[in-house]
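Whatever order the structure lists ligands and atoms in, that order sets their numbers, starting from 1. Just so you know, residue 1 is the first one in the sequence shown, and it goes up from there. FYI, side chains are in, hydrogens and waters are out, and symmetry mates aren't considered; it's all heavy atoms of this structure.
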Amino acid sequence: MATAENEYTLDTVRETLVRQEDTIVFGLIERSKFPFNSQTYDQNYLQIPGFCGSLVEFVFTNTEIVQAKAGRYKNPEENPFFPENLSLSLVPSYPFTKFLHPGAASININKSLWKMYFHDLLPLFVASGDDGNYAQTAASDLSLLQAISKRVHYGKFVAEVKFRESPQDYEPLIRSKDKEGLMKLLTFKSVEEMVKKRVEKKATLFGQDISLNSSDDSKGKQKFDPSVASKLYEKWVIPLTKEVQVEYLLRRLD
Ligand SMILES: O=C(O)C(=O)C[C@]1(C(=O)O)C=C[C@@H](O)C=C1
């Protein structure tokens, strides 16, 4: 159901971020089922007439084309990785609440997320090797990257809530383009610590092999190293969500 304008509060946007953690943790577990599968990312692997790029780029661009036609990017929470290829939605439009300032539409940091994901994150948690499942590998990269992107760009909603709660604190910093001051004002270190701990706990629990004999659960093998989830949040998800908040606030009075 749509969120009404007055339903966005710091508590409700934080609840949304908490729910998104589940999707990201499951996405990590799903991707870790496959080895690295380097052909998926090799620019020379595909020979498709009219397409130049890797298999993962092929899967992303074509999936986004279909999803754009089906209306995905009409929702202000969604940001495409290849906006340059997209055509308009072909489905009846839905009246999404116009909660964000129009400047929000110009913020899309998916190119940085793309680099971070393939260069830094994947090598941290995926086993080396090749099992031939390149399309499935690309599909799991897509759903995980979409989940990370949605989380990071949700910073726009978090920033709007914070701005509306105390415009008197934000306005002078925005007018003087004080990025450092904005960063300081929107930061809650204790919340960040909680987020990292919770994500690691979720990764531990969701990644456990479940046995019907409950005393065996804690001895179960882990599907995935839970510290990768908290590292992902500490090094990238939280800092980039904050970067999106600063970028959004800088445009807030335009
Ligand atoms: O909860 C907030 O206030 C947020 O801005 C989100 C978030 C995060 O990314 O988890 C980012 C900055 C804050 O320091 C705390 C947490």
Closest protein heavy atom to atom 6 (C) of ligand 1, given as residue, atom name and distance to 0.1 Å: Leu17 CD1, 3.9 Å
Give the atoms of ligand 1, by number and element, whose distance to some non-hydrogen atom of Val158 is under 4.0 Å. 4 (C), 5 (O)
Is the shortest distance from a Lys or Arg side-chain nitrogen in Arg164 or Glu160 to a carboxylate oxygen in the other one below 4.0 Å? yes
Closest protein heavy atom to atom 14 (O) of ligand 1, given as residue, atom name and distance to 0.1 Å: Glu192 OE2, 2.5 Å
Considering the options Phe118, Trp114, Tyr134, Tyr117, which one meets the ring-ring contact (aromatic ring centres under 6.0 Å, His included) requirement together with Tyr41? Phe118
Report yes or no: is the cationic atom of Lys162 (NZ for Lys, CZ for Arg) under 6.0 Å from the centre of the six-membered ring of Phe157, at an angle within 45° of the ring normal? no
Near-ring test Phe206/Phe224, centroid separation under 6.0 angstrom: no
Any side-chain donor paired with an acceptor under 3.5 Å for Thr187 and Lys242? yes
Side chain, backbone, both or neither: which part of Thr187 has a heavy atom under 4.0 Å from ligand 1? both
Quick one: do Lys197 and Glu200 satisfy salt bridge (Lys or Arg N to Asp or Glu O under 4.0 Å)? Show the steps, please. CA-CA 5 Å; Lys197 280 199 189 124; Glu200 184 154 341; over 6 Å; no
For ligand 1 and Lys162, I'd like to know whether there is a polar contact (N/O to N/O, distance under 3.5 Å). yes
Heavy atom under 4.0 Å from ligand 1: found in Val191's side chain, backbone, both, or neither? side chain
Return yes or no for this condition: an N or O of Ile238 is under 3.5 Å from an N or O of ligand 1. no
For Gln245, take its heavy atoms, then give the atoms of ligand 1 lying under 4.0 Å from any of them. 4 (C), 5 (O), 11 (C)
For atom 8 (C) of ligand 1, which of Arg151, Glu21, Arg14 has the closest heavy atom? Arg151
Would you say the rings of Tyr248 and Phe163 are close, in the sense that their centroids are separated by under 6.0 Å? no
Under 4.0 Å from a heavy atom of Lys242: give me the atoms of ligand 1 that qualify, with their elements. 11 (C), 12 (C)
